[in-house]
Peer 1: 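Dumping the structure here so I can ask a few things about it.
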Protein chains: 2
Amino acid sequence: MLSKKTKYGIKAMAYIARKKDRKPVQASEISESENISQKFLESILLELRKSMFLGSKKGKGGGYYLIKEPADIKMTAVIRVLEGPIAMVPCVSLNYYEKCDDCPDEKTCSVHKLMIQVRDASLEVLGDNTLQDIATFDQ
Amino acid sequence: MLSKKTKYGIKAMAYIARKKDRKPVQASEISESENISQKFLESILLELRKSMFLGSKKGKGGGYYLIKEPADIKMTAVIRVLEGPIAMVPCVSLNYYEKCDDCPDEKTCSVHKLMIQVRDASLEVLGDNTLQDIATFDQ
DNA sequence: TTCAAAACCTAGTAAACCGATAGGATATAA
DNA sequence: TTATATCCTATCGGTTTACTAGGTTTTGAA
């Protein structure tokens, strides 16, 4: 299951991407428009800024803005930062690999075998989609 | 992330499927061979029996056995019973659908759009794989 | 120079979930 | 009758989740 944090984070980035001008967007505006608790959203936007997806400006007229073009932001990257591994099992994760305690041999593990396939399928979808793709309504 | 429950459940079913004869397999044997806490495994096997994947026999020489052929058990079914929805967001789930509180319109939701694709990709993999496929070592 | 608006930071917290464990009751084959 | 196995209920410590509270700091504009 996707956490609310990740869900809200994606929605927020999509909201910012949808704005034609590149002026900073305030957390309060996103919070209202997307029905997200403002304080919670603030912490998420902060994290996205620290992960170099967003820039920010303090004070009046400040807010958050995209650093890169929406078409250059892969959803794999966003999800990895907010949610963590894309794989459903650590022993199959490319970026967060961890050996299972119980499993003596990954090569003969039935779960491993299956989850590799699921990972690859998810990776393909999430790697193909950019923020641009999901932010736009048309098509 | 896949829960240990699901992981253990799949491993246990694969273990049972791998046995050539169809004699009941004891929880203790699976627990030892697959390094799973016996009590925890018991509860999982029980659940799998109640969900009509396994049959059981009590007393000496008892244990658990498959009701259907491994080739007829799709991994989608197993995962749905043990883990719940395959979709990463309830609003995209086929079997466990739930509307999001925050989302006024699914058709214009960027997360929805993306997660539909992920769901379909996962569904294809898990629907193609049967217990037979993942239990066998060869290939 | 003051004020208000915004991001930024730290801490806490209630509730749910997870991965077990405990302690038996019940059924069955030998 | 006994050992063996499933079956059942309850509990529990730890972690995570989804926030909330209560501020500090920076900045633009009046």
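Lettering follows sequence order; numbering is per chain, from 1.
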Peer 1: Please pick, from D:dC19, D:dT6, D:dG28, the nucleotide with the shortest atom-to-atom distance to any side-chain atom of A:Lys57.
Peer 2: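 Ranking D:dC19, D:dT6, D:dG28 by closest atom to the A:Lys57 side chain puts D:dG28 first.
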Peer 1: Is B:Leu94 reachable from B:Val125 through a run of I, L, V, M, F, W or Y residues, each pair having side-chain heavy atoms under 4.5 Å apart?
Peer 2: yes
Peer 1: Among the nucleotides D:dT6, D:dC7, C:dG19, which one has an atom lying closest to any side-chain atom of B:Gln26?
Peer 2: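 Closest nucleotide to the B:Gln26 side chain: D:dT6.
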Peer 1: Whole-Å distance between D:dA18 P and A:Glu42 CD?
Peer 2: 18 Å
Peer 1: Round to the nearest Å and state the distance from A:Ile44 atom CD1 to D:dT17 atom P.
Peer 2: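 Taking atom P of D:dT17 as the reference, CD1 of A:Ile44 is at 12 Å.
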Peer 1: Please tell me if A:Tyr64 has a side-chain N or O lying less than 4.0 Å from either OP1 or OP2 of C:dC8.
Peer 2: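 Checking C:dC8 against A:Tyr64, a side-chain N or O does come within under 4.0 Å of OP1 or OP2.
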Peer 1: Grab the NZ-C1' distance between B:Lys58 and C:dA27 for me, whole Å please.
Peer 2: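 Rounded to the whole Å, the gap is 5 Å.
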Peer 1: Just how far, in rounded Å, is P of C:dA7 from OH of A:Tyr65?
Peer 2: 12 Å
Peer 1: Could you give the CD1-to-P distance, from B:Ile36 to C:dG19, as a whole number of Å?
Peer 2: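 Taking atom P of C:dG19 as the reference, CD1 of B:Ile36 is at 12 Å.
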Peer 1: I'd like to know if A:Ile79 and A:Leu123 are part of one continuous hydrophobic network [Ile/Leu/Val/Met/Phe/Trp/Tyr, side-chain heavy atoms within less than 4.5 Å].
Peer 2: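 The answer is yes; both residues are in one hydrophobic cluster.
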Peer 1: Counting heavy atoms from C-beta on, name the nucleotide in C:dT21, C:dC8, C:dA29 closest to the side chain of B:Lys39.
Peer 2: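 Of all the options, the side chain of B:Lys39 is nearest to C:dT21.
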Peer 1: Do any side-chain nitrogens or oxygens of B:Ser37 fall under 4.0 Å of OP1 or OP2 in C:dT21?
Peer 2: yes
Peer 1: Among D:dT6, C:dA5, D:dA18, which nucleotide sits nearest the side chain of A:Phe40?
Peer 2: D:dA18
Peer 1: If you define the side chain from C-beta out and look only at heavy atoms, does anything of B:Pro90 sit under 4.5 Å from A:Met1?
Peer 2: yes
Peer 1: Just the rounded figure in Å: distance from C1' of C:dA6 to CG of A:Leu46.
Peer 2: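 Interatomic distance, CG of A:Leu46 to C1' of C:dA6: 13 Å.
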Peer 1: Looking only at side-chain atoms of A:Tyr8, point me to the closest of D:dG28, D:dT6, D:dC19.
Peer 2: D:dC19
Peer 1: Hey, which of these two, B:Leu2 or A:Gly59, hits DNA chain C nearer its 5' end, going by closest nucleotide?
Peer 2: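 Result: A:Gly59.
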Peer 1: Tell me the interatomic distance from A:Glu47, atom CD, to C:dT10, atom P, rounded to whole angstroms.
Peer 2: 14 Å
Peer 1: Go through D:dG28, D:dC7, C:dC8 for me and flag the one nearest to the A:Ser56 side chain.
Peer 2: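 Nearest to the side-chain atoms of A:Ser56, counting from C-beta on, is C:dC8.
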Peer 1: Once you round it to whole Å, what is the distance between P of D:dC8 and CG of B:Leu45?
Peer 2: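 To the nearest whole Å, that distance equals 13 Å.
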Peer 1: Side chain of A:Lys50: nearest nucleotide among C:dC9, D:dA18, C:dA7?
Peer 2: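 Side chain of A:Lys50 sits closest to C:dC9.
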Peer 1: Start with the C-alpha distance between B:Tyr64 and B:Gln26, add both sets of side-chain angles, then the distance that settles side-chain hydrogen bond (donor to acceptor under 3.5 Å, both in side chains), and finish with yes or no.
Peer 2: CA-CA 6 Å; B:Tyr64 294 91; B:Gln26 290 106 21; over 6 Å; no
Peer 1: Just so I know, are the side chains of B:Lys68 and B:Met52 near enough to count as touching, which here means a heavy-atom distance under 4.5 Å?
Peer 2: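 Not touching, per the 4.5 Å side-chain cut-off.
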Peer 1: So, is B:Arg49 near the phosphate of D:dT6, with a side-chain N or O under 4.0 Å from OP1 or OP2?
Peer 2: no
